[in-house]
Undergrad: 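Pasting a structure below so you can have a look.
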Amino acid sequence: MTTPNFKKFNIEAYKPGKSKVNNLKKVIKLSANESALGISPKAKKILSNKKFVLDKYPDGKSQSLRKQISKTYRCNIDKIICGAGSDEVIQMICQLFLNPKDEVVLPEYSFLMYRIYSKVVGAKVIFAKEINFKVSTNEILKKITKKTKIVFIANPNNPTGTYLTKKELIELRKKLNKKILLVIDDAYAEYMKNKDYSSGLDLFRNKENVFVLRTFSKIFGLASLRVGWGYGSKKIINALNVIKPPFNINGVAQLAATESLKDKKFIMKSIKHNFFYANNIKKFLEKYNIYSNPVSANFLLLNFEKCKYSAKFLHKNLKNKGIILRLTEDGYHIKNKLRLTIGSKKENLKFMNAVKQVMK
Ligand SMILES: *Cc1c(COP(=O)(O)O)cnc(C)c1O
């Protein structure tokens, strides 16, 4: 038998943050930037009490969810599209905008899905240097050519944890050719308490050439249900709706996402929790000469340059104790660093204790 021919892609497949350690039943997973406090009590309640209709197709337009999004974020319902994770919205944007040989400009250490979906549709990915692990708008502008169609920026950026200020973002949009789509991925926007930061949605909700991405996988704690959304001009949203898989968000996910948006108390609690522990853990690690980015989202990029042990050494020893961090060499190609997600109180204390033991 023969396998019919298929296309070959020169793509490094996405490797998710690990969640298992050989022969350990219980692990502490601090490798994928998921919610420290799980899902919101409001969403939990509806998931356990509601009788779901599972034998009928879900609402393909995610009408109630989009309505709640537009209410919570004071934005236009007709400019919202939902996806099975923001992942799927990234994929649809690439399908809609990119022809083979078009160019996409990305900061060198950006979220991996931008390069993967760009390459799937045959576009060329151009990387712009970062300076001290921060996106450089100048370096991005240097890489723009007549073929550039999209610039993707996650703000704050994963895995570096650094961010462009409100001023820098506005300036980037000003200097970028009007015909180039600027995609701003606000995946961690809710966590941000930094005064010089503004979300893409707050800055550009009325711009025709900016597209904003949001997700329910992070602060809202629904990573497994796969819900995200995009916000852009009506023209773009209408075109995306033509190529969108018809029932891309299942009914359970739509309801859970809608409820979690209403749970303001839980979101406030998550933000406070994150700020407290991110600052604490950062200071704690500095005692061992492990330095990290200024606190921003729910993760820290740990730098081992000045530490007596390497990132790999700590990673391995923590793993043996059932605590998993993300090795940034995988996929991102960042050497001697680890990405740490802020966990629950219990997880954070266990993590700090384990570091103490390994370091002595
Ligand atoms: C986690 C993350 C997402 C979320 O992806 P989903 O597909 O919505 O789970 C998007 N962008 C960035 C930069 C992320 O870190």
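Each ligand, and each atom within it, is numbered from 1 in the order the structure gives.
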Undergrad: With sequence neighbours left out, which residue pairs that include part of residues 258-280 fulfil the side-chain hydrogen bond (donor to acceptor under 3.5 Å, both in side chains) condition?
TA: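 side-chain hydrogen bond (donor to acceptor under 3.5 Å, both in side chains) check on residues 258-280 returns Ser40-Asp263, Glu259-Lys262.
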Undergrad: Is the shortest side-chain heavy-atom distance between Asp185 and Tyr114 below 4.5 Å?
TA: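 Yes, their side chains come closer than 4.5 Å.
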Undergrad: Are any of the N/O atoms on Asp185, whether in the backbone or the side chain, positioned under 3.5 angstrom from an N/O atom of ligand 1?
TA: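 Among all N and O atoms of Asp185, at least one is under 3.5 Å from an N or O of ligand 1.
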Undergrad: Identify the protein heavy atom lying closest to atom 7 (O) of ligand 1, giving its residue, its atom name and the separation to 0.1 Å.
TA: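 Here the nearest protein heavy atom works out to Arg226 NH2, 2.7 Å.
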Undergrad: Please state whether the rings of Tyr57 and Phe247 are parallel, tilted or perpendicular, taking 30° and 60° as the class boundaries.
TA: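 If you compare the ring of Tyr57 with that of Phe247, the planes turn out parallel.
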Undergrad: In terms of side-chain geometry, is the basic nitrogen of Lys134 or Glu168 positioned less than 4.0 Å from the acidic oxygen of its partner?
TA: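 Yes.
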Undergrad: May I ask you to identify, for Asn158, whether its side chain, its backbone, both or neither come under 4.0 Å of ligand 1 on a heavy-atom basis?
TA: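 Side chain only; the backbone of Asn158 stays clear of ligand 1.
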Undergrad: Any luck finding a side-chain donor-acceptor pair between Asn336 and Glu305 under 3.5 Å?
TA: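 Asn336 vs Glu305: no donor-acceptor pair found between side chains.
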Undergrad: Suppose we screen for side chain to side chain donor-acceptor pair (under 3.5 Å). Which residues come up paired with Lys321, at least two apart in sequence or across chains?
TA: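 Once residues adjacent in sequence are excluded, the partners of Lys321 under the side chain to side chain donor-acceptor pair (under 3.5 Å) criterion are Gln357.
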Undergrad: Check ligand 1 against Ala154 and write out every atom of the ligand that is under 4.0 Å from a heavy-atom position of the residue.
TA: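 In order of numbering, the contacting atoms are 13 (C).
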Undergrad: Between Phe216 and ligand 1, find which residue part has any heavy-atom pair under 4.0 Å and reply side chain, backbone, both or neither.
TA: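 No part of Phe216 is near ligand 1 at this cut-off.
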Undergrad: Specify side chain, backbone, both or neither for Ala187, according to which of its non-hydrogen atoms lie closer than 4.0 Å to ligand 1.
TA: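 The part of Ala187 near ligand 1 is the side chain, not the backbone.
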Undergrad: Output the list of atoms in ligand 1 that are nearer than 4.0 Å to some heavy atom of Gly85, sorted by atom number.
TA: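 Counting atoms of ligand 1 from 1, those under 4.0 Å from Gly85 are 6 (P), 7 (O), 8 (O).
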Undergrad: Side-chain donor-acceptor pair under 3.5 Å between Asp196 and Tyr163, yes or no?
TA: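 Present: a donor and an acceptor within the cut-off.
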Undergrad: Which part of Met113 is near ligand 1, with near meaning a heavy atom under 4.0 Å away: side chain, backbone, both or neither?
TA: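 Under 4.0 Å from ligand 1, Met113 contributes no heavy atoms.
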Undergrad: Within the 4.0 Å heavy-atom shell around Lys218, which atoms of ligand 1 are there?
TA: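 Selected atoms, number and element: 1 (C), 2 (C), 3 (C), 4 (C), 14 (C), 15 (O).
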Undergrad: Any side-chain donor-acceptor pair under 3.5 Å between Tyr109 and Asn158?
TA: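 There is no such pair between these side chains.
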Undergrad: Can you confirm, on distance only, whether ligand 1 has an N/O atom lying under 3.5 Å from any N/O atom belonging to Tyr114?
TA: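 N/O-N/O distance below 3.5 Å does not exist for this pair.
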Undergrad: Distance to 0.1 Å, residue and atom name: give those for the protein heavy atom nearest to atom 9 (O) of ligand 1.
TA: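 The answer is Ser217 OG, 2.6 Å.
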Undergrad: Students should be able to answer this: which protein heavy-atom is nearest to atom 5 (O) of ligand 1, and at what distance?
TA: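 Ranked first by proximity to atom 5 (O) of ligand 1 is Ser86 OG, 3.3 Å.
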Undergrad: Could you list which atoms of ligand 1 come closer than 4.0 Å to a heavy atom of Tyr188?
TA: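 Every atom of ligand 1 under 4.0 Å from some heavy atom of Tyr188: 1 (C), 14 (C), 15 (O).
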Undergrad: Would you check if Ile324 and Leu30 make a side-chain contact, meaning some heavy-atom pair closer than 4.5 Å?
TA: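 In short, these two side chains do not touch, never coming nearer than 4.5 Å.
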